[in-house]
Amino acid sequence: MLIKLYADNPDYRLLSQLIDRLRDGEIFIYPTASGYAYCCDALNARAIEEICRLKGIDVKKKALSIACNSLSQVSEYCKMNDRAFKFIKDHEVNYTFILPASGALPKIFKHRREVGVRLAQHPIGQLLSEHLGNPLITASLPIEDSEEPEYATNPELIDERFGSQVAGVFDAGDIPLAPSTVVDCTEEPFEVLRMGHGRLADEEPLLKKEY
């Protein structure tokens, strides 16, 4: 089912219903700066387990990312020193940061000492996270290399391919795939694990030089 939610002028009755469904553990597909992705309430362990089932992964072996609506929310669920705070603040768009996890995440994360964190950049993701009051688990769609890329970028095709698996697909129009740049901020100097669409300056004093 396609869902139309306009972040600049939302239907607050619909938004309230969607937030209740997220809290109840339902799974949605929503737009991010990197493309469409599964999402659920990051504090609902049952929903996280369902996303892992949909992706065919073991949460004990495969890291999942959380999307936060602000740096303040990041600090509730992760540990970061002043240098990590500054680096994240300066590199908000299309990055995933690996940070030490705090005890605020559900027990399903207890075996992991770190967690991937993104700042929600798409207006719909920001709206959902702000009104939910919790981060959102964000997990890429399981698209095979042999499949048409539009099944990860076009909401109508996404609904055709994945709609029966989830409570709904947010329709925000076509969003190109733009994998994030992944930076490990658990130790200094920070290390780029994957170069994606998040751009880095020529001089990044907090990063290992070989990036």
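Bear in mind that the values here come from a model prediction, so they are computed numbers and not experimental data. For the numbers below, each heavy atom of this structure counts, side chains included, while hydrogens, waters and symmetry mates do not.
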What's the verdict on side-chain contact (heavy atoms from CB on, under 4.5 Å) for C52 and L64, showing C-alpha distance, side-chain angles and the deciding distance?
CA-CA 9 Å; C52 290; L64 293 171; 3.7 Å; yes
Minimal non-hydrogen separation, T181 against G196, with atom names
OG1-N, 2.8 Å
Without hydrogens or angle criteria, can the side chains of N134 and Q73 be said to hold a donor-acceptor pair below 3.5 Å?
no
Are T138 and S65 close enough that a side-chain donor and a side-chain acceptor fall under 3.5 Å?
no
For the pair K86 and D90, find out whether any cationic side-chain nitrogen is under 4.0 Å from an anionic carboxylate oxygen.
yes
Closest heavy-atom contact between K4 and Y6?
CD-OH, 3.6 Å
Identify whether I124 and I158 are in the same connected component of the hydrophobic contact network (ILVMFWY, side-chain heavy atoms under 4.5 Å).
no
Under 30°, 30 to 60°, or over 60°: which ring-plane class applies to F190 and F87, parallel, tilted or perpendicular?
perpendicular
Looking only at heavy atoms, which two atoms of D171 and P155 are closest? And how far apart?
OD1-CG, 3.1 Å
Output the distance between atom CD (E49) and atom SG (C40), rounded to the nearest 0.5 Å.
10.5 Å
I'd like to know if the side chain of N44 reaches the main chain of R23, judged simply by a donor and an acceptor atom lying under 3.5 Å from each other, with no hydrogens or angles considered.
yes
Test your reading of the model: is there a side-chain donor-acceptor pair from S180 to the backbone of V182, 3.5 Å cut-off?
no
Are the side chain of E114 and the backbone of I98 linked by a donor-acceptor contact shorter than 3.5 Å?
no
Separation between CD of Q126 and OG1 of T32, rounded to the nearest 0.5 Å
11.5 Å
Whether the side chain of Q121 engages the backbone of E92 through a donor-acceptor N/O pair (distance < 3.5 Å, no angle test) should be reported.
yes
Given the rule in the side-chain contact (heavy atoms from CB on, under 4.5 Å) test, do M80 and L71 qualify, once you have shown the distances and angles that lead to the verdict?
CA-CA 10 Å; M80 56 181 172; L71 275 166; 4.1 Å; yes
Taking every non-hydrogen atom, the tightest pair across A101 and V115
CB-CG1, 4.2 Å
Please work out which of the three classes, parallel, tilted or perpendicular, describes the rings of Y38 and F162, given edges at 30° and 60°.
perpendicular
Indicate the atoms forming the closest heavy-atom contact of G25 with R46, along with that distance.
CA-NH2, 3.9 Å
Other residues, nucleotides and ligands only: do more than 12 of their heavy atoms fall within 6.0 Å of CD on E156?
no
Say whether L22 and I27 are linked into one hydrophobic cluster, either directly or through other cluster members, by side-chain heavy-atom distances under 4.5 angstrom.
no
Look only at the side chain of K55 and the backbone of S140, and say whether a donor-acceptor pair between them is shorter than 3.5 Å.
yes
Do V166 and L2 belong together in a cluster built from hydrophobic side chains that touch within less than 4.5 Å?
yes
Nearest heavy atoms of P31 and I175, plus distance in Å
CB-CD1, 3.2 Å
Could you state the interatomic distance from CG (D82) to NZ (K89), rounded to the nearest 0.5 Å?
11.5 Å
Measuring from atom CG of L18 to atom CG of L127, what distance do you get when rounded to the nearest 0.5 angstrom?
9.5 Å
Taking the side chain as every heavy atom from C-beta outward, state whether R161 and L141 have any atom pair closer than 4.5 Å.
no
Consider only side-chain heavy atoms of I, L, V, M, F, W and Y, link residues closer than 4.5 Å, and tell whether L206 and L119 are in one cluster.
yes
Can you find a heavy atom in the side chain of I3 that is under 4.5 Å from one in the side chain of V169?
no
Rounded to the nearest 0.5 Å, how far apart are CG of L15 and CD of Q17?
9.5 Å
Run the numbers on C68 and V117 for side-chain contact (heavy atoms from CB on, under 4.5 Å), then give the verdict.
CA-CA 7 Å; C68 296; V117 179; 4.3 Å; yes
Please say yes or no: joined through hydrophobic side-chain contacts below 4.5 Å, possibly via intermediate residues, are I48 and L132 part of one cluster?
no
Ring center gap for Y36 and Y30 short of 6.0 angstrom:
no
Between NE2 on residue H122 and CZ on residue F170, distance to nearest 0.5 Å:
11.0 Å
Is the shortest side-chain heavy-atom distance between V183 and L193 below 4.5 Å?
no
Between S75 (side chain) and S72 (backbone), is there a donor-acceptor pair under 3.5 Å?
yes
Tell me, with the steps shown, if N94 and R118 meet side-chain contact (heavy atoms from CB on, under 4.5 Å).
CA-CA 8 Å; N94 228 349; R118 302 190 65 177; 3.3 Å; yes
